[in-house]
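Below is one structure, written out as structure tokens, with a few remarks after it.
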Amino acid sequence: MPRTTRRTTIPALAMFCLASGLAQAQAPAQEQAIIVLDASGSMWGQINGKPKLEIARETLATVLKDTPDTMALGLIAYGHREKGNCDDIELVVPVRTGSAGDIAAAAAKMKFLGMTPLSESVARAANELRFTEQKATVILITDGLETCKADPCALGNELEEAGVDFTAHVVGFGLSAEEGKQVACLAENTGGRYLAANDADGLAAALTQTVVAAPPEPPAPEATLEAAEQVPMSSRFTIRWTGPAHQYDEVQVFDPAGNAGRGKVIDNQRVLNAPGADEKQVELVAPAKPGRYVLRYYHGAMSKVIATRGIDVVEAEVALDAPAEVAIASDILVTWTGPGERYDEVQVFDPAGNAGRGKVVDNKRVLDAPGADRRQVTLVAPAKPGNYTLRYWNGDNSIALTSVPLRVVEADVGLSAPEEVAMASSFVVGWIGPGAQYDEVQVFDPAGNAGRGKVVDNQRVRSAKTFDQREVRLTAPAKPGDYTLRYWNGDNSTVLSTQPLRVVAAEVGLDAPGSVPMATYFTVTWTGPGARYDEVQVFDPAGNAGRGKVVDNQRVQSDRGYDQRQVTMTAPARPGGYQLRYYNGDNTAVLHVQPIEITATDVSFDAPASGPAGQTITIGWVGPGARYDEVQVFDPAANAGRGKLLFNRRVQSDKGYDQRQVTIKLPEAPGSYQLRYYNGDNTAVLHSQPFKVD
């Protein structure tokens with residue numbers, strides 16, 4: 001088949017210098033802040049008979065006179081130019097020192113008439129302050145809740161994660177306690193404060209606390225980061241660090257261009273949880289997109305970044321070499337080039353699957369594959385023909401680094417077997433198909449499992465001894481009827497081919513005496529499938545508390561009389577009514593039953609009542625004389641009353657078998673003992689009588 005090789009080279013992004021930004025982040029931060037003023041129509045609402053907008057104007061003019069000379073302050077307003085527009089957000093006064101008068105003048109001329117896009121306004125203020133590079137503070141004054149489908153709580157988390165030292169304070173002007181909770185999270189999630197202001201004095205106090213007399217923060221501890229100047233995309237790399245090592249401190253890979261320019265943490269590792277914590281090392285994953293990124297030391301105790309350094313992520317070769325076309329359900333050998341990280345995998349992807357959202361239909365971790373040293377994986381093609389994709393998937397970044405097309409085509413799949421077989425018999429099925437690891441040929445009962453169907457026999461094609469001949473041996477069900485032969489592809493859990501199979505009744509019978517003496521051997525001639533697990537059984541229907549019990553069994557194929565269709569059985573040691581059964585092991589089914597009567601037989605000894613200690617004597621016996629039968633000398637008082645076997649002699653191994661005699665040795669210690677006739681096949685004592693040793 002033709003092969004397709006694609007090598008993906010992601011163009012390197014133009015390198016840009018972060019030196020000035022990094023220098024500012026490392027130098028002492030100048031105090032800078034932006035006031036975000038709610039100029040929406042709701043500000044016409046009154047407090048104590050006076051519109052809130054007038055209170056805000058007067059309070060800003062009064063409080064901002066005391067702004068420190070070192071404070072660089074700006075003003076953003078929203079809702080002040082037009083109604084119903086969530087984009088009505090404007091930087092009214094740029095951030096600079098000495099701007100207090102301009103802010104008061106701008107507020108005095110401002111109209112109040114629009115929507116309340118408070119979340120987007122705070123985000124724009126953060127970007128204006130370059131919050132990913134330096135310390136930044138935003139003070140939001142709002143008399144209402146978000147009306148432009150944004151989540152201020154989520155924004156707070158986002159800004160806190162991305163910022164070097166970002167804080168948002170929220171002044172709830174005339175908000176109820178319940179309304180205040182809905183915007184307080186914006187402050188709380190960034191380490192800021194929520195201040196409720198219900199009148200002019202409250203607003204003045206809030207502005208004083210957040211702008212004029214904000215408490216100074218303690219100096220941040222020192223930290224350093226050391227790493228390679230550049231790393232390949234999607235690879236793991238080591239960063240050595242020094243720092244306060246607080247329990248929530250972490251080293252981060254940060255993308256300053258991410259999240260629509262607000263910046264984004266794309267990998268992070270707690271310094272104390274890292275495997276290399278003792279050596280002050282962490283391992284992070286490089287982004288999948290080449291470019292300039294920032295390494296940051298984030299100090300959890302102060303919720304701020306205290307050290308940064310730049311790092312270049314460079315392109316890496318990623319490629320897949322595989323057939324362009326394969327047959328359904330067949331193995332696909334793929335050679336790969338890529339980062340080879342622990343969660344990387346090669347995938348077969350169906351772009352039309354999952355209602356058009358795409359679906360991974362097979363995957364293999366590159367480091368777990370048997371061919372990892374050769375940079376190879378073996379995947380399984382889908383069972384449905386069509387156009388698919390092979391992808392190199394980088395698990396750390398959850399992104400496909402390269403892909404190549406894969407066409408899956410129909411393949412010859414079929415079964416060759418008799419149309420009709422006898423019940424419980426074994427039969428051969430020839431097959432054509434993928435022959436994959438989990439493929440199997442099955443006998444399927446469509447009426448089984450309450451109509452849902454049931455597999456009643458199956459054989460893996462690869463585990464069959466006749467794999468090279470493309471054959472398997474199966475066993476027919478024990479119940480006549482209509483069944484189905486199926487070629488099952490296990491990798492895709494799909495039936496690739498079927499054909500009908502009729503199972504017909506077969507003669508099954510047993511020819512044996514109607515009665516036999518207990519504990520004796522007897523011959524049974526059988527007619528039946530003769531399968532490998534089939535057996536003739538002696539069954540006691542009263543055994544096992546009435547549930548029945550097999551008391552003897554003999555596999556028909558393992559018995560020497562298989563060619564004559566005969567087995568030798570042992571009668572139970574207890575007289576009574578029993579059953580002879582033909583049992584089919586493959587189907588765990590009894591195919592035939594007939595009664596057999598076990599009759600009592602004479603078991604006795606011809607022996608003296610006593611004998612001298614330690615002497616050898618000969619005794620006569622009457623009994624079954626089976627191969628494991630023996631005469632025993634037993635001490636009933638020994639072993640704490642549980643008894644003990646002192647001597648035993650197999651009757652068939654004794655020279656006097658033909659005369660029904662055995663020679664036994666008496667115990668050395670005088671006392672009262674027993675002579676026992678023991679039937680080994682049934683592990684039963686058939687007769688005992690007392691014997692005295694003098």
Side-chain angles (χ1 to χ4, degrees), residues 326-332 348 361-362 364 378-385 408 410-506 508 528-535 555-558 582-591:
V326 296
I328 59 172
S330 61
D331 288 346
I332 313 167
V348 178
V361 291
D362 194 30
K364 185 63 67 69
T378 300
L379 297 172
V380 178
K384 182 181 178 182
V408 177
E410 292 280 7
D412 191 12
V413 183
L415 299 169
S416 174
E419 293 181 0
E420 184 176 286
V421 294
M423 67 181 198
S425 63
S426 81
F427 62 101
V428 174
V429 181
W431 58 268
I432 298 172
Q437 180 178 15
Y438 302 115
D439 286 9
E440 57 190 40
V441 179
Q442 302 172 340
V443 178
F444 183 76
D445 179 7
N449 198 16
R452 295 189 293 272
K454 181 181 180 182
V455 175
V456 290
D457 194 31
N458 62 302
Q459 176 67 55
R460 286 262 180 97
V461 298
R462 282 207 177 174
S463 59
K465 294 179 180 179
T466 52
F467 176 75
D468 292 336
Q469 290 78 43
R470 296 296 195 264
E471 290 181 346
V472 295
R473 182 172 290 275
L474 296 172
T475 300
K479 182 181 178 182
D482 292 321
Y483 296 84
T484 303
L485 287 176
R486 312 196 311 182
Y487 186 101
W488 173 263
N489 174 240
D491 289 296
N492 289 288
S493 299
T494 302
V495 176
L496 301 184
S497 179
T498 65
Q499 78 173 49
L501 176 70
R502 176 170 283 275
V503 176
V504 297
V508 184
R532 57 185 169 175
Y533 301 120
D534 286 9
E535 57 189 39
R555 287 264 180 95
V556 297
Q557 283 201 12
S558 59
Y582 188 100
Y583 177 81
N584 174 240
D586 288 297
N587 289 288
T588 61
V590 176
L591 304 185

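Since we're looking at a predicted model, the values are computed, not measured. As a basis for the values below, the full set of heavy atoms in this structure was taken, side chains included, without hydrogen atoms, waters or symmetry mates.
Checking side-chain atoms of Gln557 against main-chain N and O of Tyr533 turns up no donor-acceptor pair under 3.5 Å. No side-chain donor-acceptor contact under 3.5 Å links Ser416 to the backbone of Gly430.
For Asn587, the side-chain contact (heavy atoms from CB on, under 4.5 Å) partners are Ala424, Thr475, Pro477, Ala478, Asn584, Ala589, not counting sequence neighbours. In this view, Gln459 and Ser463, Ala464, Val472, Leu474 satisfy the side-chain contact (heavy atoms from CB on, under 4.5 Å) rule, not counting sequence neighbours. Scored by the side-chain contact (heavy atoms from CB on, under 4.5 Å) test, Asn449 finds Arg452, Lys454 as partners (sequence neighbours excluded). Residues satisfying the side chain to side chain donor-acceptor pair (under 3.5 Å) criterion with Tyr483, sequence neighbours excluded, are absent altogether. Residues meeting the side chain to side chain donor-acceptor pair (under 3.5 Å) test with Arg470, sequence neighbours left out: none. Under the side-chain contact (heavy atoms from CB on, under 4.5 Å) criterion, Asp491 pairs with Val380, Ala436, Tyr438, Asn489, not counting sequence neighbours.
The shortest heavy-atom contact between Phe427 and Pro418 is CD1-CD, 4.3 Å. Of all the heavy atoms in Ala422 and Val503, the pair that sits closest is C-CG1, 4.3 Å. Taking each heavy atom of Leu415 and Tyr487 in turn, the nearest pair found is CD1-N, 3.8 Å. The two residues Val413 and Pro434 make their nearest non-hydrogen contact at CG2-CD, 4.3 Å. Counting all heavy atoms, side chain and backbone alike, Asn492 lies closest to Ala381 at ND2-O, 3.0 Å. Considering all non-hydrogen atoms of both residues, Asp534 and Tyr582 come closest at OD2-OH, 2.7 Å.
Note: Asn458 CG to Asp439 CG = 12.0 Å, rounded to the nearest 0.5 Å. How far CH2 of Trp488 is from CG of Leu496: 9.5 Å, rounded to the nearest 0.5 Å.
For residues 456-466, the set of pairs meeting the salt bridge (Lys or Arg N to Asp or Glu O under 4.0 Å) definition, not counting sequence neighbours, comprises Asp331-Arg462, Glu440-Arg460. Within the structure, the salt bridge (Lys or Arg N to Asp or Glu O under 4.0 Å) test picks out the following pairs touching residues 474-489 (sequence neighbours left out): Asp482-Arg502. Within the structure, every pair that satisfies the side chain to side chain donor-acceptor pair (under 3.5 Å) test and touches residues 417-435, not counting sequence neighbours, is listed here: Ser426-Arg473.
The closest side-chain heavy-atom distance from Lys384 to Ile328 is not below 4.5 Å. A heavy-atom distance below 4.5 Å is found between the side chains of Pro529 and Val508. No side-chain heavy atom of Leu501 sits under 4.5 Å from any side-chain heavy atom of Thr484.
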* To do: Applying side chain to side chain contact (heavy atoms under 4.5 Å, CB included), run through Thr378 and Ile332 and close with a yes or a no.
  => CA-CA 5 Å; Thr378 300; Ile332 313 167; over 6 Å; no
